[in-house]
Amino acid sequence: MTIPVKVRFAPSPTGYLHIGGVRTALFNWLFARSMGGKFVLRIEDTDVSRSTEESIQEIISAMKWLGLDWDEGPYRQMERRELYDRAVEKLLAEKKAYRCYCSAEMLDAKRKEALERKAKPKYDGTCRNLASAPDGTPFVVRFKVPAEGKVTVKDLLRGNVTFDNEELDDFIVQRTDGTPTYNFVVVVDDAEMEITHVIRGDDHLSNTPRQALMYDALGYPRPQFAHISMILGTDKARLSKRHGATSTLAYRDMGYLPDALINYLARLGWSHGDQEIFTRDEMVQFFNFDSVSVSAAVFNPEKLLWLNHQYIQNASLETLTTLLESLLIHEKVLPDNHGKTQEEIARPIPILKERSQTIKEMAEKADFYFREEIEIDEKAGKKFLTETAKPLLLELSSGLQDLNEITEATLEKLFKEIVEKADIKLGKLAQPVRVALTGNTASPGIYDVVLLLGKERTLKRLSDAIKFSPSNA
RNA sequence: GGCCCCAUCGUCUAGCGGUUAGGACACCGGCCUCUCACGCCGGUAACGGGAGUUCGAUUCUCCCUGGGGUCACCA
């Protein structure tokens, strides 16, 4: 009989949910799902001045977008105050914590001074054994850390990690304003929620001995810990705003598929042989800590792009249509109230998807199709809509008018005839036509473009192109 | 600086004492070709250094070096 697994993701709502946070959430989610356990979402908002409702909503939308569903929560710590207050009273009553009357200013000064002496900045224990309490002075509550001895933290990924108690100081459990602090609430909550495995970034490893001591003091059993590695930027520094878009929802707006992002993040620090692409079910099925790596991983945007391309190729037309529509609006190719049917939105997708790494790119490439009036790239027009090319366009135009059925085969026949008659290579015709129809020198195959635009729009653009003259020639 | 963690191609990684050190992204060639892509074929590229243990170390141990994290009335 084993205890069912219960894990949590506990972000602090002091900014948007970044990629590193998502990966922590993902590993928790994967572990919960693979073990048939529960996944809890808990908002750590005890820092009242920095927490925002906006961040909470952002975190929730990002989790939903990525399909990381939770079984309990979102809990908010500021709604659980009684729980922490009771635990503080208990620590105080059992003399495992004490009131400290030192002012923040005084402590800052001492810390600064210690740093200058190159000594360890550590609380000096002034109030640890105070005989009588000064009247009416504001106080914090500090946890009494044993002066000597060691704490050993058991970590699923790193084995036993031992810290000297001497390295730890009497950390604050409750602030002057009565709000509790992280190293304390995290323990109370994880214990009360019966979290069995604490899976988090390894930036928390150095906090763990304090928390381990807190579990012991409160009489709670310690959970299993698993500290996963951090994600670094290309410069090997921890991923931050400097490394471009770190807001998870920004990836949605850039046209990434949630499954692709999830797959990429899962492979960052986890592997299953040589496999690169996993369905969610496969990830859940294969996930385990034995194949999680402990060293930090550099975030590689190119590989994410490649994966996204793979996912685009395999996504259903329906999925792509929905995504493309929102990106077309987001990129202002179409207005909100465009009135287009799903079929119309879907039409260019088959010829665009193999050359799109993101849906945003797809939207940009679809521009020539969705806009009534195209803008001819100045350089492209100058180079290809020349006086020698225009007669060819004219000829194509009249040939097209005579075609009663436009198919790839009839188009190819028409193009070949014109090319043979003029004794030129296909490219000499195709490029000017391409510029005329799309405004650019790069596009899907020219027959596909004509087929997509249809006879009327093709003829219109051809005649516009024949009238084209470079403005700054 | 103290403490803690980490170390295979540029990047993500496989490897769990004996391998021509494998795969993927990126990069470089070639093929395909109406442009751009896709695709296909091929190539360059790694065990940070030094001591041990062992018949044998990428693999185990220690040291060095390097990188990262952390030292708040932030989480």
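Worth saying up front: this structure is predicted, and the values here are computed from it rather than measured.
- Comparing atom distances between the Arg238(A) side chain and each of C73(B), G68(B), A75(B) picks out G68(B) as nearest.
- Under the 30°/60° scheme for interplanar angles, the aromatic rings of Phe143(A) and Phe171(A) are found to be tilted.
- Both tests do not hold together for Arg158(A) against Phe225(A): distance to the six-membered ring centre under 6.0 Å, angle to the ring axis within 45°.
- Following rounding to the nearest Å, Leu305(A) (CG) and C38(B) (P) show an atom-to-atom distance of 11 Å.
- Comparing C36(B) with G18(B), their P atoms sit 48 Å apart, to the nearest whole Å.
- Heavy atoms of Asn207(A) sit under 4.0 angstrom from at least one base atom.
- Within 3.5 Å, no donor on the side chain of Arg355(A) pairs with an acceptor on the base of C38(B), nor the reverse.
- In this structure, of C34(B), U35(B), G69(B), it is C34(B) that holds the atom nearest to the side chain of Tyr447(A).
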Scan nucleotides 3-13 of chain B nucleotide by nucleotide, 5' to 3', and note B when protein non-hydrogen atoms come under 4.0 Å of the base, S if they reach only the sugar-phosphate, - if neither.
SSSSS---SBS
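- The NE2-C1' distance, from His204(A) to A72(B), rounds to 15 Å in whole Å.
- A centroid separation of less than 6.0 Å is found between the aromatic rings of Phe299(A) and Tyr264(A).
- The gap from the P atom of U13(B) to that of C6(B) amounts to 15 Å, rounded to the nearest Å.
- Spacing of C1' atoms, C3(B) relative to C28(B), comes out at 46 Å, to the nearest Å.
- Spacing between atom CZ of Phe286(A) and atom C1' of A14(B) amounts to 15 Å, rounded to whole angstrom units.
- Within the 4.0 angstrom heavy-atom criterion, base atoms lie near Pro444(A).
- Here C34(B) is the nucleotide among C25(B), C34(B), U35(B) with the atom lying nearest to any side-chain atom of Leu426(A).
- The Arg111(A) side chain lies nearest to C73(B) when the options are C73(B), A24(B), U70(B).
- When the C1' atom of G68(B) is taken as reference, atom NE2 of His227(A) falls 15 Å away, rounded to whole Å.
- Only the P atoms considered, C47(B) is 8 Å distant from G10(B), to the nearest whole Å.
- The nearest whole Å value for the distance from the CD1 atom in Ile172(A) to the C1' atom in C73(B) is 4 Å.
- The aromatic ring centroids of Phe27(A) and Phe289(A) lie 6.0 Å or more from each other.
- Projected onto RNA chain B by closest heavy-atom contact, His309(A) and Val292(A) fall at different nucleotides, the more 5' of which corresponds to Val292(A).
- Ring centroid separation for the pair Tyr75(A) and Trp70(A) does not come in under the 6.0 Å cut-off.
- Within the cation-pi definition used here (under 6.0 Å to the ring centroid, within 45° of the axis), Arg142(A) qualifies as a partner of Tyr123(A).
- In terms of the ring pair (Phe, Tyr, Trp, His ring centres under 6.0 Å) criterion, His309(A) has no residue partners (sequence neighbours excluded).
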